[in-house]
Number of protein chains: 2
Amino acid sequence: MNDYIHKLKEHNLKVTPQRLGILSIIQKSGHISIEELYVAVRRDFSTISLATLYKNINFMVEVNLLKEVKIPNGKSKYEIVKEEHSHMICKKCSKLEDLELSLQSVVQTASKKSGYLFDDNALVLSGICPQCQ
Amino acid sequence: MNDYIHKLKEHNLKVTPQRLGILSIIQKSGHISIEELYVAVRRDFSTISLATLYKNINFMVEVNLLKEVKIPNGKSKYEIVKEEHSHMICKKCSKLEDLELSLQSVVQTASKKSGYLFDDNALVLSGICPQCQ
DNA sequence: TTACTAAAGGATAAAAATTATTATTAAGAT
DNA sequence: ATCTTAATAATAATTTTTATCCTTTAGTAA
């Protein structure tokens, strides 16, 4: 939980209430866009500046505390960094969910085929979720 | 080649020199960002408006003639729609390449696990290309 | 604790990216 | 060749993101 404090310090980022608030909202939501985040954060910090939000998001992405998830035909969402995983998005309800999935063999095949050395991947599967079917 | 004419007509888009020019540049480049495209198109159509470019890109994405490729930590690029494929990006030289790769078993596993019905996927592998190693 | 310093926050302006508006032009049909 | 409608160009407006600058605060050390 609040090893956010630790993680922030690790990267020489000061521990401010705003930052903890941002992280806790992202944590709770799972995935959240900038606009959604701004609305949510302002419930706790009514005077927070949009610039502060952007600056912090950018910092935290740089130090690998947050990850940007680029959504096909949609706006980016942000999540707390954890184990590597993929994503699924429902084309009807737009829900975004994590998906634990081994891509090892795929990546290995790709590497053999291309000669690239891969150390990261981003997979988003699009379709219809069970509830919307 | 110039079944762009056909494809445009198919979707009730008029065949204009600008549109053919845009498509031919994207085709030649493989993948291209809006800014790069604007610069390139203006070599052939010096007076083309940026708004025209955006509108056409949006139209063509809607009718499935073009596809937006969202790049981790980078700006989107556009490509001509063809068979389903993945992408690789080099973190050093930023080169983006196509990669033919079967994701069938991965998608199947994902579907079984989640209950989603998937009909699309976007995979970008990041690493170092052979030339940059 | 208190005081200091450097980083962070807030307000705002500026820049960059995208979309909307409107008059003119040109594609495609008759 | 003419007509109608969609596309283009120019531009304004909007949206998104970043930069600036002054004030506040976190973290450190007396």
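In the text below, chain A, chain B and the rest are named by the order of the sequence lines, each starting its count at 1. None of these values were measured; they are calculated from a predicted model.
Distance alone, capped at 3.5 Å, places no donor-acceptor pair between the K7(A) side chain and the L65(A) backbone. K67(B) places no side-chain N or O within donor-acceptor distance of the main-chain N or O of I80(B), the cut-off being under 3.5 Å. Within the 3.5 Å criterion, the main-chain N or O of R42(A) finds no donor-acceptor partner in the side chain of S46(A). A distance-only check finds no donor-acceptor pair linking the side chain of E68(A) to the backbone of K77(A) [under 3.5 Å]. Side chain of H31(B) to backbone of S29(B): no donor-acceptor contact under 3.5 angstrom is found.
Between dG9(C) and N56(A), a contact under 4.0 Å exists linking OP1 or OP2 to a side-chain N or O.
N121(B) contributes atom CG, which lies 5.0 Å from atom CG of L103(B) (distance to the nearest 0.5 angstrom). Distance check, rounded to the nearest 0.5 Å: CG of L117(A) to SG of C90(B) gives 9.5 Å.
Think of the region where chain B sits on DNA chain D: with heavy atoms and a 4.0 Å cut, that region ends 5' and 3' at dT5(D) to dT11(D).
Residues in residues 87-99 of chain B take part in these salt bridge (charged side-chain N to carboxylate O under 4.0 Å, His left out) pairs, two or more places apart or across chains: D119(A)-K91(B), K82(B)-D98(B).
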Under 4.0 Å protein heavy-atom contacts per nucleotide of nucleotides 18-30 of chain C, with B for base, S for backbone only and - for none: BBB------BS--

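For the pair I48(A) CD1 and dG9(C) P, the computed distance is 7 Å after rounding to whole Å. For F45(A) and dA8(C), the CZ to P distance is 16 Å, given to the nearest whole Å.
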